Every structure is written in structure tokens, then in C-alpha cells.
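What follows is one structure encoded as C-alpha cells, with my remarks underneath.
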Amino acid sequence: MITGTTKLLGVIGYPISHSLSPVMHNAAIAHLQQDYVYLPLPVSPDRLEQALKGFEAIGLQGFSVTIPHKQMIMPLLDDISEVAQAIGAVNTVYRSDRGWSGTNTDVTGFVAPLLDLALDWQRSQAVILGNGGAARAVVAGCSQLGVAHIHVVGRDAGKLEAFRQSWLDAIDPPLSVHVWEDLPALLPKADLLVNSTPVGMYPKGDNSPLTDTEAAHLKPGAIAYDLIYTPRPTHFLRQASERGMKAIDGLEMLVEQGAAALELWLGCPAPVEVMRRSLLDRLTRF
Ligand code: NAP
């Protein structure tokens, strides 16, 4: 119940109506019986600075950050975690003794479903499709796992080279970049293959970043991880399962990045299962 003492959390983005975060966080808050509410906060890019001052004025306790603010908000914050600096994006802002502190929980979210797998990461190679914002969290996650080599595949040689250079000295595993045509040679080496492109996302669920000819090169027994969570499974994950790979979709990352943010705001363990169920319930209604 919202009362006169209820504290405010929220998510900023533009647009924000598509966000599933309010569903997931309010389910968690209700389960924990905490006196908080989590609101969608549409903020246009030209009003970001003004919005931040408003949040200060009304005592907002913390907020999630989504497109298009993840980079733009960084110079406006008082403190930015190392992981957010490495990724170059903030997805969670909380209050600390330094003021507004920004971090990025996507790495924790990405890594979470991989931690329980009995894989010798130090002997494993990761192949990441795409070199956009989410790929940066995936690279940081693969580095945290301690993989032997990270290969990033993209379609724009200039962007790929800039991506490679941005990681020099920032991570331990060697990182090499490749164009799409290199896939037949790369896929058989991929112990972990991640789709960080939007290809195959609803409503274009018949698409996949891999052609069926390319998919024939997938390594049986390896892990295929799609950051997309609608549809479930994606065409990419169906191709991977047909080749005997273990499939992980983006729902776990979404839940776990949210859980890590909630823990920062509330200072208590997040009810991950409640959050997962609230999202599944919401997604099956579409
Ligand atoms: P982004 O910054 O726009 O990057 C997208 C990347 O995909 C870019 O490298 C882009 O290449 C590439 N790409 C786009 N269309 C392509 C195509 N037709 N063929 C080949 N490559 C293509 O987007 P993002 O923020 O990284 O998000 C990527 C995906 O991850 C989205 O589906 C998003 O929903 C998902 N995601 C999920 C979670 C989660 O919690 N599960 C979190 C974050 C993101 P160019 O640069 O050449 O255009």
C-alpha cells in the first residue's frame, strides 16, 4: 500500500512505457513488505539534468537508467563505479555518502546464470556477436569469469577496432575482433557463444544472427546465450539446441541485474524467484 511514508524508486528512459522493470521491482517490494514504490519516469534527453535535480528535491531513493540515458547520465553523477567506467554506461543509480552513485549491474546479471555451470573457464573461448552497449557488459562478464580468449564479431570494421582499443589494458583475457565472414572458423571454437545483437527479437522472431549454414558449425555441448528474452526461445537458441548446445536466454540477465540493483537500494537480499515469476507472468500475457 502506498502511504504518506512510502519511499520512491523508479526507472528513467525515453520512451519508458515498454519497461518491465516496474513489474519486477514492485513484485519484489510487495513480497519484502518494504515501504517503497518503483515508478516509470519518462525523461527526455534534453531534460535529464533538470530531472536529476528534481529527483534530489523529492528525495528519490534511487533509480534504474535505460536507453537513451545510460551514457549521458555519467557526467551528472557524483561517483561512478569501476565496472560502469569500464563498460562506459550506468544502469543503476543509488544514494551514497558521495551523493548520486552510478554503477552497472548488467555484468552481475550476465554472469549469474553462468556461475553454476561446471565449465573450465580458463580453457574456454567466448565468441560475442555484436559490439554495442550490451556487448560491453558481456566482455566485462567474460573477463570476470576468467575465459582464455574473447572474440567479438561485428559488421563494421571501424567500430570493431574502436571497441578493441577501448579494452586495451582494461581486461585480462586477450580480445580479438572479427568480421561476420569469420564465423565458420570461429564457431567451432566457441565454448560460450553470446548473441548481443537485437537480431531475432520480437516481432522479428523468425530471424537469427546465424544462417543455418553458419549454425552447422556450432559446437555441441557448448553454451549459447541470447540476451534477448522475447520470444522464448529465440530462433538462435533453437538452432543452438538442435546442435546439442545448452541454451540460456536473456530473462535471467534481466532478473539478476534487477536483483543486484534492488539490493543496492534496499540493503537486503532480493527475492529473485518472485522477480523471475513476475516477469514470466507478464511476458506470457503478450
Ligand atoms: P546496441 O548498442 O544498439 O548494439 C547492437 C549491436 O548489434 C551493434 O553492434 C549492432 O551493429 C549489432 N547489430 C544490430 N543489427 C544487426 C544485424 N542485423 N546484423 C548484425 N549485427 C547487428 O544494442 P544493445 O543495447 O547492445 O542491445 C543488444 C541486445 O541485447 C538487444 O536485443 C537488447 O534488448 C538486449 N539486452 C538484453 C539485456 C538483458 O537484461 N537481457 C540487457 C541489455 C541488452 P552496428 O553497430 O554495426 O549497428
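When reading the values below, keep in mind they use all heavy atoms of this one structure, side chains included, and skip hydrogens, waters and symmetry mates. These figures come from a predicted structure and were not determined experimentally.
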Gap between atom OG of S124 and atom CG of L192 - 0.5 Å precision
8.0 Å
Quick one: does R164's side chain have a donor or acceptor within less than 3.5 Å of a partner on V177's backbone?
no
Hey, are the side chains of F55 and I12 touching, using non-hydrogen atoms and a 4.5 Å cut-off?
yes
Within the 4.5 Å heavy-atom criterion, are C142 and I171 side-chain neighbours or not?
no
On the 0 to 90° scale, with breaks at 30° and 60°, tag the F63-W100 ring pair as parallel, tilted or perpendicular.
perpendicular
CD/Q50 to OG/S44 distance, rounded to the nearest 0.5 angstrom?
8.5 Å
Main-chain N/O of Y38 paired to N26 side chain as donor or acceptor, under 3.5 Å
yes
With a 3.5 Å distance limit and no angle check, can you tell me whether Q239 reaches the backbone of L210 through a side-chain donor-acceptor pair?
yes
Is the shortest heavy-atom distance from the side chain of T103 to the side chain of L264 under 4.5 Å?
yes
Non-hydrogen atoms of M1 and D35 that approach each other most closely
O-OD1, 4.4 Å
Using modelled atom types only, decide if a donor and an acceptor are shared between the side chain of Y225 and the backbone of F110 within a distance under 3.5 Å.
yes
Kindly confirm or rule out a cation-pi arrangement of R232 over Y202, judged by NZ or CZ under 6.0 Å from the six-membered ring centre and within 45° of its axis?
no
Answer yes or no: is there a side-chain heavy-atom contact under 4.5 Å between L129 and V199?
no
Take atom CG in L280; do more than 12 heavy atoms of anything else shown fall under 6.0 Å from it?
yes
Within a radius of less than 6.0 Å around CD of Q165, do more than 12 heavy atoms belonging to other residues, nucleotides or ligands occur?
yes
Is it true that E242 and R238 have a side-chain N and a carboxylate O under 4.0 angstrom from each other?
no
Go through the structure and list residues passing side chain to side chain contact (heavy atoms under 4.5 Å, CB included) with M74, not counting sequence neighbours.
I80, V90
Does the side chain of F236 reach to within under 4.5 Å of the side chain of I228, using non-hydrogen atoms?
no
Pairing residues for D97 by the side-chain hydrogen bond (donor to acceptor under 3.5 Å, both in side chains) criterion, not counting sequence neighbours
none
Hey, does H149 have a side-chain heavy atom less than 4.5 Å from the side chain of P174?
yes
When you look at CD of E49, are more than 12 heavy atoms from neighbouring residues, nucleotides or ligands closer to it than 6.0 Å?
no
Determine the minimum heavy-atom distance between P15 and H18, stating which atoms define it.
O-CE1, 3.2 Å
Hey, is the main chain of V11 close enough, under 3.5 Å, to the side chain of H25 for a donor-acceptor pair?
no
Within the distance-only criterion (no hydrogens, no angle test), does the side chain of T284 pair as donor or acceptor with the backbone N or O of D281 below 3.5 angstrom?
yes
Would you indicate whether K246, at its atom NZ, is surrounded by more than 12 heavy atoms from other residues, nucleotides or ligands within a distance under 6.0 Å?
no
K219 versus R243: any side-chain heavy-atom pair under 4.5 Å?
no
Are E56 and K53 within salt-bridge range, i.e. N to O under 4.0 Å?
no
Close side-chain approach of E256 to R276, heavy-atom, < 4.5 Å
yes
Of the non-hydrogen atoms in A247 and L237, which two are nearest, and what is the gap between them?
CB-CD2, 3.9 Å
Indicate yes or no for a side-chain donor-acceptor contact from W265 to the backbone of V93 under 3.5 Å, with no hydrogens or angles considered.
yes
D191 side chain to Q125 main-chain N or O, any donor-acceptor pair under 3.5 Å?
yes
Neighbour count above 12 (heavy atom, 6.0 Å) for D120 CG
yes
Quick check on side-chain contact (heavy atoms from CB on, under 4.5 Å): which of P22, S64, P42 does I16 satisfy it with?
P42
Under 3.5 Å, side chain of N104 to main-chain N/O of V83, donor-acceptor pair present?
no
Listed once per pair and sorted, the salt bridge (Lys or Arg N to Asp or Glu O under 4.0 Å) pairs that draw on residues 199-214, sequence neighbours left out
none
Taking Q33 for the side chain and H31 for the main chain, is one N or O donor matched with an acceptor at less than 3.5 Å?
no
